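Counting starts at 1 for both ligands and their atoms, in listed order. Throughout, residue positions are numbered sequentially from 1 according to the sequence presented. Because the structure is predicted, anything quoted here is derived from the model rather than measured.
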Amino acid sequence: FLWPIGAWTGVYERTFIAVKPDGVHRRLVGEIIRRFEKKGFHLVGMKLVQPSEPLLKEHYWGLRQKPFFSGLIEYMRSGPVVAMVWQGLDVVKMARRMLGETDPADSLPGTIRGDFCMEVGRNVIHGSDSVKMAQREISLWFNPDELICWENSSQPWRYQ
Ligand code: UDP
């Protein structure tokens with residue numbers, strides 16, 4: 001069955017994560033999935049997609065006035081993207097911490113951007129910046145039937 005949007009709280013909170021084209025080309029997909037798995041988050045959706053220009057413009061609608069907008073759309077269209085939905089307690093905020101800052105130069109070692117890239121225009125990964133944005137982005141990138149609700153037997157070992 002499908003969780004109603006309002007139920008995406010607590011351990012059922014969800015976020016949208018995308019390995020950007022540079023991350024896919026640079027073979028960072030496995031490393032990124034590994035970090036989310038090892039943290040204990042629960043994978044509920046994943047696919048390799050070649051995003052269309054309208055999808056990307058919708059995704060980055062809030063940045064449409066920025067001088068880097070057209071370059072950003074071009075970058076995001078330059079190859080396939082691995083789109084994922086991860087679930088878990090406080091996952092939106094925790095994922096942003098795991099990603100690091102928008103500019104890799106400001107990202108600490110130990111974060112994904114801090115460890116694997118150097119420039120803001122090639123920062124290898126996207127993560128939703130709020131629960132509201134996560135809901136918007138998940139519904140933009142995924143059909144409801146692409147999100148799988150499954151029981152994870154390690155739940156008692158991850159949550160008290
Ligand atoms: N970006 C860029 N130049 C900038 C700021 C952002 O190319 O000066 C790109 C970068 O790829 C970033 C994306 O635009 O990840 C979205 O920007 P946002 O401020 O939403 O940062 P994010 O939420 O991705 O950290």
Side-chain angles (χ1 to χ4, degrees), residues 5-6 8-143 146-147:
I5 278 186
W8 292 0
T9 59
V11 303
Y12 299 106
E13 184 175 305
R14 289 175 172 187
T15 195
F16 174 69
I17 298 293
V19 184
K20 295 179 175 183
D22 50 338
V24 176
H25 276 277
R26 293 182 49 214
R27 309 298 194 255
L28 294 171
V29 174
E31 170 66 27
I32 287 167
I33 292 172
R34 191 183 71 89
R35 290 184 179 212
F36 281 87
E37 277 193 320
K38 284 193 147 183
K39 173 72 181 171
F41 292 130
H42 183 69
L43 184 64
V44 295
M46 181 166 66
K47 59 185 177 181
L48 181 70
V49 275
Q50 179 60 66
S52 68
E53 193 173 334
L55 171 74
L56 292 168
K57 286 186 166 166
E58 180 71 33
H59 176 81
Y60 282 126
W61 179 247
L63 299 175
R64 66 192 178 284
Q65 313 282 27
K66 301 281 184 189
F68 57 83
F69 183 73
S70 61
L72 172 61
I73 300 299
E74 201 178 312
Y75 157 49
M76 291 296 293
R77 285 189 67 198
S78 64
V81 163
V82 174
M84 297 181 277
V85 178
W86 287 92
Q87 181 177 290
L89 190 62
D90 228 2
V91 67
V92 171
K93 194 173 94 195
M94 286 310 307
R96 292 283 292 192
R97 285 200 187 157
M98 289 164 67
L99 264 57
E101 302 301 317
T102 302
D103 188 343
D106 300 327
S107 302
L108 291 173
T111 65
I112 293 166
R113 286 166 174 167
D115 286 348
F116 301 125
C117 52
M118 293 169 286
E119 285 199 321
V120 68
R122 295 289 183 273
N123 62 358
V124 306
I125 187 164
H126 168 82
S128 309
D129 67 4
S130 66
V131 171
K132 208 171 150 210
M133 284 302 277
Q135 290 171 349
R136 179 183 177 273
E137 291 171 1
I138 290 167
S139 60
L140 182 64
W141 287 79
F142 285 87
N143 291 320
E146 292 174 316
L147 302 177

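- Inter-residue side-chain proximity for Phe116 and Asp22 is flagged as unmet; no heavy-atom pair is nearer than 4.5 Å.
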Identify all N/O pairs between ligand 1 and the protein with a separation under 3.5 Å and present them as a table of atom names and distances.
unit_1, atom_1, unit_2, atom_2, d
ligand 1, 11 (O), Lys20, NZ, 3.0
ligand 1, 11 (O), Val120, O, 3.3
ligand 1, 11 (O), Asn123, OD1, 3.3
ligand 1, 15 (O), Lys20, NZ, 2.9
ligand 1, 15 (O), Asn123, ND2, 2.8
ligand 1, 21 (O), Thr102, OG1, 3.2
ligand 1, 23 (O), Arg96, NH1, 2.8
ligand 1, 24 (O), Arg113, NH2, 3.4
ligand 1, 25 (O), Thr102, OG1, 2.5
ligand 1, 25 (O), Arg113, NH1, 3.2

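- The cationic atom of Lys47 (NZ for Lys, CZ for Arg) lies less than 6.0 Å from the six-membered ring centre of Phe142 and within 45° of the ring axis.
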Under the criterion side chain to side chain contact (heavy atoms under 4.5 Å, CB included), I'd like the reasoning laid out for Glu146 against Trp141: C-alpha separation, chi angles, the key distance, then a yes or no.
CA-CA 10 Å; Glu146 292 174 316; Trp141 287 79; over 6 Å; no
If you apply the rule side chain to side chain contact (heavy atoms under 4.5 Å, CB included), what do you find for Trp8 with Ile138, and how did you get there?
CA-CA 12 Å; Trp8 292 0; Ile138 290 167; 3.8 Å; yes
Test salt bridge (Lys or Arg N to Asp or Glu O under 4.0 Å) applied to Glu31 and Arg34, step by step:
CA-CA 5 Å; Glu31 170 66 27; Arg34 191 183 71 89; 3.2 Å; yes
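- Using a 30° and 60° split on the angle between ring planes, Phe41 and Phe36 fall in the tilted class, from 30° to 60°.
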